[in-house]
Amino acid sequence: MEAIIKKSFNEKANKVLGISPEDAIISKSYLLVAFAALLLGGLLGLLQGLNRAGLLVLPSWFTYYQVLTAHGFLLVVVLTAFFAIGYFYAALSHTLGGLLPKVRKLAWIGFALKIIGFVLAVVPILMNKASVLYTFYPPMAAHPVFYIGLVFIVLGVWMCAFGAFVQVANWRKLNKGQHVPILAYFATGVFVLLFFGSIPVTIEVLMIIPWAIGWVETINVMLARTLFWAFGHTLVNIWYLTAVSAWYVVVPKVIGGRRFSDTLTRVVIMLLVIMNIPGGFHHQIIDPGITEHVKFLHVFMSLAIGFPSLMTAYAMFSVFEKTAKKKGGKGIVSWFRKLPWGDVRFLAPMIAMIAFIPGGAGGIVQSTNQLNQVVHNTMWVVGHFHLTVGTSVVLTFYGISYWLVPYLSKRVLTPRMNKLGVIQTLIWTVGMALMAVAMHWVGLLGSPRRTSYTTYFDNATALGWDPYLMFLAVGGTLLMIGVILQVYAVVHLMFFAPKGESEFPIADVEEHAAKTPYWTERWGRVIVIMLIVIAIGYVIPLIEIIGNAPPGSPPYKTW
Ligand code: HEM
Ligand SMILES: [Cu+2]
């Protein structure tokens, strides 16, 4: 009883006073690291773009592959993980009545472990001893310290996942029979995926370390690649689920509407968690040694993920139309004008959603066996993930930052900053459109990914790529301007904007919404089904890959 009174007091205090300083500083620290990674990673991206267009020769002490390793690592490991954790910890604090002291402690231990891991991984990259790209495929071998850094990063992520589980479990104990607030439900899904998805890569890294040190002579290359993608593919959907949480919950509130069916939202989350992990082989369609049946099974699972995405698209456009029509919008398309296009908190995630239409379509192309033969390892793929993670996910994160940072720092988004945000969003959109279209196109013409500038002795085909690569460089330059504006906005909103209260926008459900069935809260069941589906996707191929393994490979330093 006492606990319940205390809890509801906390929840009210949180609503009235906003986030507590102890909770705010956790999220602020995570976000600062995320945006520092964006600044550095973006700068390296620009260097690559200029190099690919033949405009810049990189010096011998800072090679293309070093730059590319750091770019991939900073943006897809550091930026995304730190942002997602900062955002979800703020959401847990806001919707569950403040973080428990032990959860805060876990978040800080996680932070420290990840920073240590980050330093251990980056130093060998800077010394050109780990130019293995962010996928670190054996038989390329980096300095062992690089892999030890990765282990620390995973441990740090686990601390944050445990913290989230403890926080949610505590709330459920005090609120028996109630539904976990929707953002905390999203956080649960994301941390379940983060925890289970990072187990395979941990096994891979523990296999690599003794081999990189020299204690073990050879490594099973196929096994390593398979374990990597069981994680890598999951990571993709972790970003996606994080962005989707803002689409379902935050965007409707920003436009003055209500969110779509609570049941559907929870089902989408459950489906993404269950069907995600056994899709990893779609990154290995070209790899030898995996039977067609297995590839087919994984492609089926990858395409099945498209189903919840289509449900999301339907839900979002239904919310937009309903809200716009309530505001007097008319017609089949002209109600679009009633949406608040001048509000960066809407504009950025909206463009992110639109970018997901070509992004998702490109994904379906790549999952198709015959088409994958055409685009595999070309610049097409790079165009694809700059649309998906570089636009759909990242623009959503930018949109979130324009209200989350003021909420955390107890400041306000002024009309001037909003305008800067709108400009920044438009610059990013134009820059990415130029760069991504050029990358897709030049990929179809055969330009390889992960290759520094070369004309292959003035080969005619290779020279034909140059005009497209020039567009890539122009797009990349615009993107760098976008990065600088975005980082400026975050720093300004965190430390210099006028003081005041900012809202954490969470939309209510429809007025006469049907009651959400309680089975949606049974996470134990979801996890068991997820593990069964993972077993279906991986047990037989792993037995084959281990049992029929060809001779393993010694380590190579190819750079
Ligand atoms: C200033 C903005 C950016 C520019 C100019 C840029 C440019 C590039 C270029 C030219 C490549 C190398 C292509 C190759 O040789 O294979 C690349 C790779 C990559 N980029 Fe970006 N990018 C930017 C932002 C981002 C963002 C925001 C993300 C993700 C959040 C991202 C993720 C990646 C990844 C994962 C790779 C692949 C690395 C690899 O193949 O190992 N980039 N980028
Ligand atoms: Cu994938």
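Atoms within a ligand are numbered from 1 in the order they appear, just like the ligands themselves. Side-chain atoms are counted along with the backbone in the values below, which use heavy atoms only and exclude waters and symmetry mates. All residue numbers in this chain count up from 1 along the given sequence. Note that the structure is predicted; figures quoted are calculated from it, not measured.
- Among all non-hydrogen protein atoms, the one lying nearest atom 36 (C) of ligand 1 is Phe385 CE1, 3.3 Å.
- Checked against a 3.5 angstrom limit, the closest N/O atoms of Thr80 and ligand 1 fall outside it.
- The shortest contact between atom 15 (O) of ligand 1 and any protein heavy atom is with Tyr64 OH, 2.5 Å.
- Closest heavy-atom approach to atom 21 (Fe) of ligand 1 among the candidates His386, Arg52, Gln48, Arg450: His386.
- Scanning the protein heavy atoms around atom 2 (C) of ligand 1, the nearest turns out to be Leu479 CB, 3.6 Å.
- Heavy-atom proximity to atom 5 (C) of ligand 1, evaluated over Gly45, Gly41, Ala473, is greatest for Gly45.
- Neither side chain, Ser131 nor Tyr64, offers a donor N or O lying under 3.5 Å from an acceptor on the other.
- Atom 35 (C) of ligand 1 has Val76 CG1, 3.4 Å as its closest protein atom, hydrogens excluded (heavy atom only).
- The Cu ion (ligand 2) is closest to atom ND1 of His233 (considering only N, O or S atoms).
- Scanning the protein heavy atoms around atom 29 (C) of ligand 1, the nearest turns out to be Leu75 CB, 3.7 Å.
- The shortest N/O to N/O separation between His71 and ligand 1 falls below 3.5 Å.
- Judged purely by distance below 3.5 Å, without hydrogens or angles, the side chains of Thr312 and Tyr248 pair a donor atom with an acceptor atom.
- Lys114 forms a cation-pi arrangement with Phe82, by the criterion of a distance under 6.0 Å to the ring centre and an angle within 45° of the ring axis.
- Shortest distance from the Cu ion (ligand 2) to His282 is reached at NE2 (N/O/S atoms only).
- Aromatic pair Trp229/Phe281: ring centres not closer than 6.0 Å.
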